[in-house]
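Comments concern the structure below.
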Amino acid sequence: MRQATQKMKDIALARNIGISAHIDSGKTTLTERILFYSGKIHRIAEVRGKDGVGAKMDSMELEREKGITIQSAATHVDWKDHGINIIDTPGHVDFTVEVERALRVLDGAVLVLCGVAGVQSQSLTVTRQMNRYKVPRIAFINKLDRQGANPLRVIEQLKEKLDLNAHPLCLPIGLEDKIQGVIDLLEMKAVYFLGENGENVTRQDIPENFRAEAEEWHDKLIEEVANVDDEIADLFLEGRPVTKEDLMAAIRRATLAHKFIPVYMGTAFKNKGVQLLLDAICNFMPSPNQIQHTALNIDNNEEEVALTSEDEKPLVALSFKLEDGRYGQLTYMRIYQGTMAKGDIIFNTRTNRKIKIPRLVRMHADEMHDIKEAGAGDIVAIFGVDCVTGDTFCHNDIRYSMSSMHIPETVIDLAISPKLRETTDSFSKALNRFTKEDPTFKVRYDEESSQTIISGMGELHLQVYVERIRREYACEVDIGKPQVAYRETITKPIDCEYLHKKQTGGSGQYAYIMAKMEPIPLEETTHYDFVNSTVGGSIPKEYIPSCDKGFQKAMRQGQILEQPVVGVRMSIYDGKYHPVDSSDMAFQICAETLFKDNYFRAKPIVLEPVMKLEVTVPNEFQGAATALINQRRSIIMSTMNEHGFTTVEAEAPLAAMFGFSTDIRSVTQGKGEFTLEFLKYSPVPKQLQEDLIKQECEEKKNAA
């Protein structure tokens, strides 16, 4: 009993936190300070360190060269009496799946924002991801030492742009080069971070010139919390004093209920405010046993079952990230229920294969620390497990499956081949490894052109993998011109039918399907919908899945550009079968042929990926940048001028954006920045569609 109580206490003091933000908001710098103040490292290294060492969490050589995070990195720190698992995620939209899978397994998150730029395009993306997985969060406004920093404006943006009920729990003492520390609005004390690296935290009385502002914001804080918490509301309405303990408990309740976002601020680079953020993670973020997780019972019609953090329960763990390390495949896992120990036999519920755990480790960036056992709430890594991202592992007495994560659509293709025939094996190994590690990196072989095509989230995404093939596998490659991943869809609903009848001696093939083919509106995220409206057994129920398979097979390749077909609802409402000649294969062929034969009757069109473009340039280059955006078939949605910079938001077709990086740098003397993020698929203009069809015909002739 004592051991169980201790275990529950340990879980109550555990935190699983992700750090997410727009690129260049200072996530990795913040994580580096967290590691230093918690005693995990004894020397601070910068993201673009002068000595070439680079930040601890950017362990990949490419990350240190480019000064960006490419892969999410996990670590564990101890702060006061709490144990915190932290995952530092990339900010660049091309690596958004790293954020997606981290948030899938985490219990809370820190949303980092730049004190100057505020809410940016990727801030919106990670907020959507946090909302998707119902992750409570704290906001940290960073870079208050930068010129133009304005944390109160950023808080307004959190409310207006992200629709978050955000409120500061501290205020800066000075800004830009005059920042001295912060005012803690819970304790009503001025907090200073002294010493060479801000490691000595001292609390003093609030300076007289900041006292009135601090008291005003303290009263606002109580009022805001009273709006979302009944206990504080009662105290507030009755005019009774609200203690620090009352306020902290209420903020925690409201944060876990997604009604309130505590906002902290400082400058990680100048070592101010990070320790208060660590305290906030411990005070306001959930422990693993406070989040209700569920799984699907495969043996009981995928019935939803609640998971608990009790050790006695059978193991349920989810693989959320794979890496090919020095000792083979390294599989990152989040344990949701039960315990896992070195030497245990675990069971992959997707493949039905048993695996023995040869080694169990806790990760610290690229370092491994061996552990003997881990329990519910832990994030660990194991070797020697053959699996893919999203596999669920259990003990042998249950077969549960965790829900899958959202995988974004790829938008760009690239033809790639090894330069030397003798490096073909290395080339194949690299592609196999990367497709297992990254669900948004896809590989296919084009039969007509005899080319290997890789697909990804953007130019940078594919550039990184091409460079990794060269470096990690010593394989030089030839690459073609990047190609847009077009799609096809239909625009007109039609009724259609097809009779598949074949007699070749003995049992033949017979299937007859009557169906409705109709478009799904583009604004809906569903790519394909199958509806069975048959009655009276006109098509036996055992053949219905075969019809579904046949339609899906036909949709893999359209007939305009031979691109995948999306946005189609197929409803079968009648048909016929033969008691001897009908079969699964007959109905599958019938459905596939019905779709292909009637495709052009449904008025198909080509769709192209449209990106959300955000361009930031100094004000003097606004005209040149706007003209450049307009030249690329883009629609400008908004323009904002602040602190000498203009930010233009636009919707831009990806096909028109190749080479934009060079052009924007050219017209702004290298001072312009931009981000591209997939937004939606839209119809290609009629003239462009005709040009694409001609180009496709010419390529086929040349290939022949």
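Any value given below was found using the heavy atoms of this structure, including those in side chains, with hydrogens, waters and symmetry copies removed. As the structure is a computational prediction, the values presented were derived from the model and not from experiment.
The backbone N or O of Val531 sits nowhere less than 3.5 Å from a side-chain atom of Ser571 that would complete a donor-acceptor pair. Panel note: side chain Gln337, backbone Ala376; no donor-acceptor pair is recorded below 3.5 Å. In terms of modelled atom types and a separation under 3.5 Å, the side chain of Glu488 and the main chain of Leu561 share a donor-acceptor contact. Side chain of Gln559 to main chain of Lys596: a donor-acceptor pair is present (N/O by atom type, distance under 3.5 Å, no hydrogens or angles). Of the possible polar contacts, none joining the Ser319 side chain to the Thr331 backbone as a donor-acceptor pair under 3.5 Å is found. The closest donor-acceptor contact from the side chain of Thr392 to the backbone of Thr349 lies at 3.5 Å or more, if one exists at all. No donor-acceptor pair under 3.5 Å is formed between the side chain of Thr423 and the backbone N or O of Ser426. Panel note: side chain His527, backbone Val566; no donor-acceptor pair is recorded below 3.5 Å.
Side chains of Asp413 and Arg444 form a contact here, defined as non-hydrogen atoms less than 4.5 Å apart. Side-chain contact check for Ile453 versus Tyr445: every heavy-atom pair is 4.5 Å or farther apart. The closest side-chain heavy-atom distance from Lys429 to Cys475 is not below 4.5 Å. Side chains of Pro288 and Ile335 form no contact here, defined as non-hydrogen atoms less than 4.5 Å apart. For the pair His258/Pro136, a side-chain contact is recorded, criterion being any heavy-atom separation below 4.5 Å from C-beta on. Here the side chains of Leu315 and Tyr336 are not in contact, with every heavy-atom distance at 4.5 Å or above. Under the 4.5 Å side-chain criterion, counting only non-hydrogen atoms from C-beta, Thr351 is not in contact with Cys387. Two residues are said to be in side-chain contact when any heavy atoms from C-beta on lie closer than 4.5 Å; Arg601 and Met517 fail this criterion.
Between Glu608 and Ala655, the shortest heavy-atom distance links the atoms OE1-CB, 4.1 Å. Scanning all heavy atoms of the two residues, the minimum distance from Ala602 to Ile490 falls at O-CB, 3.5 Å. Residues Ile572 and Ile544 share a closest heavy-atom pair of CD1-CD1, 3.7 Å. Lys354 approaches Ile345 most closely through the heavy-atom pair CB-CG2, 4.1 Å. Residues Leu360 and Ala374 share a closest heavy-atom pair of CD2-N, 4.0 Å. Taking every heavy atom of both residues into account, Ser682 and Leu522 meet most closely at CA-CD1, 4.4 Å.
Interatomic distance, Glu497 CD to Asn598 CG, rounded to the nearest 0.5 Å: 8.5 Å. With rounding to the nearest 0.5 angstrom, the CG atom of Leu462 is 5.5 Å from the CD1 atom of Ile412. Interatomic distance, Ile346 CD1 to Phe393 CZ, rounded to the nearest 0.5 Å: 5.5 Å. Remark: Glu373 CD to Asp344 CG distance equals 8.0 Å, nearest 0.5 Å. Atom OG of Ser20 sits about 4.5 Å away from atom CE of Met130, to the nearest 0.5 Å. Taken to the nearest 0.5 Å, the CE atom of Met555 stands 8.5 Å off from the CE atom of Met570.
Within the structure, ring pair (Phe, Tyr, Trp, His ring centres under 6.0 Å) pairs that include any residue of residues 468-493 do not occur (at least two apart or interchain). Every pair passing ring pair (Phe, Tyr, Trp, His ring centres under 6.0 Å) that includes a residue from residues 548-597 is listed here, sequence neighbours excluded: Tyr543-Phe587, Phe595-Tyr599.
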Requested in this report: Kindly indicate, with the supporting measurements, whether the criterion side chain to side chain contact (heavy atoms under 4.5 Å, CB included) is fulfilled by Asp548 and Tyr528.
Outcome: CA-CA 10 Å; Asp548 187 10; Tyr528 166 72; 2.7 Å; yes
Report task. Might you work through the side chain to side chain contact (heavy atoms under 4.5 Å, CB included) test for Phe427 and Ile416, ending with a clear yes or no? Result -> CA-CA 10 Å; Phe427 178 72; Ile416 185 171; 3.9 Å; yes
Report task. Kindly indicate, with the supporting measurements, whether the criterion side chain to side chain donor-acceptor pair (under 3.5 Å) is fulfilled by Asp584 and Gln588. Result -> CA-CA 6 Å; Asp584 287 333; Gln588 191 170 324; over 6 Å; no
**Report entry** Test log, rule side chain to side chain contact (heavy atoms under 4.5 Å, CB included), inputs Val484 and Phe658
**Finding:** CA-CA 10 Å; Val484 173; Phe658 294 122; 3.7 Å; yes
Requested in this report: Please lay out, stage by stage, how Gln687 and Asp691 fare under the test side chain to side chain donor-acceptor pair (under 3.5 Å).
Outcome: CA-CA 6 Å; Gln687 183 57 51; Asp691 293 343; 3.2 Å; yes
**Report entry** Stepwise side chain to side chain contact (heavy atoms under 4.5 Å, CB included) check, Lys686 with Gln689
**Finding:** CA-CA 5 Å; Lys686 189 174 181 182; Gln689 177 168 318; 5.7 Å; no
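Under the side-chain contact (heavy atoms from CB on, under 4.5 Å) criterion, Leu499 pairs with Lys501, Tyr510, Tyr512, not counting sequence neighbours. The side-chain contact (heavy atoms from CB on, under 4.5 Å) check on Arg556 picks up Lys553, with sequence neighbours excluded. Considering only residues two or more places apart in sequence or on other chains, Asp529 meets the salt bridge (charged side-chain N to carboxylate O under 4.0 Å, His left out) condition with Arg569. Remark: Asn432 pairs with no residue by the side-chain contact (heavy atoms from CB on, under 4.5 Å) rule, at least two apart or across chains.
Heavy atoms from other residues, nucleotides or ligands lying under 6.0 Å from CZ of Arg353 number 12 at most. Within a 6.0 Å sphere centred on NZ of Lys419, other residues, nucleotides and ligands contribute more than 12 heavy atoms.
Using cut-offs of 30° and 60° for the angle between ring planes, the Tyr465 and His461 rings count as perpendicular.
Looking at Glu476 and Arg470, a side-chain N of the basic residue comes within less than 4.0 Å of a carboxylate O on the acidic one, giving a salt bridge.
A side-chain contact (heavy atoms from CB on, under 4.5 Å) with Tyr400 is found for one member of Asp299, Asn300, Leu296, Val305 and no other, namely Val305. For the side chain to side chain donor-acceptor pair (under 3.5 Å) with Arg334, the lone residue among Asp378, Asp107, Asn85 that qualifies is Asp107.
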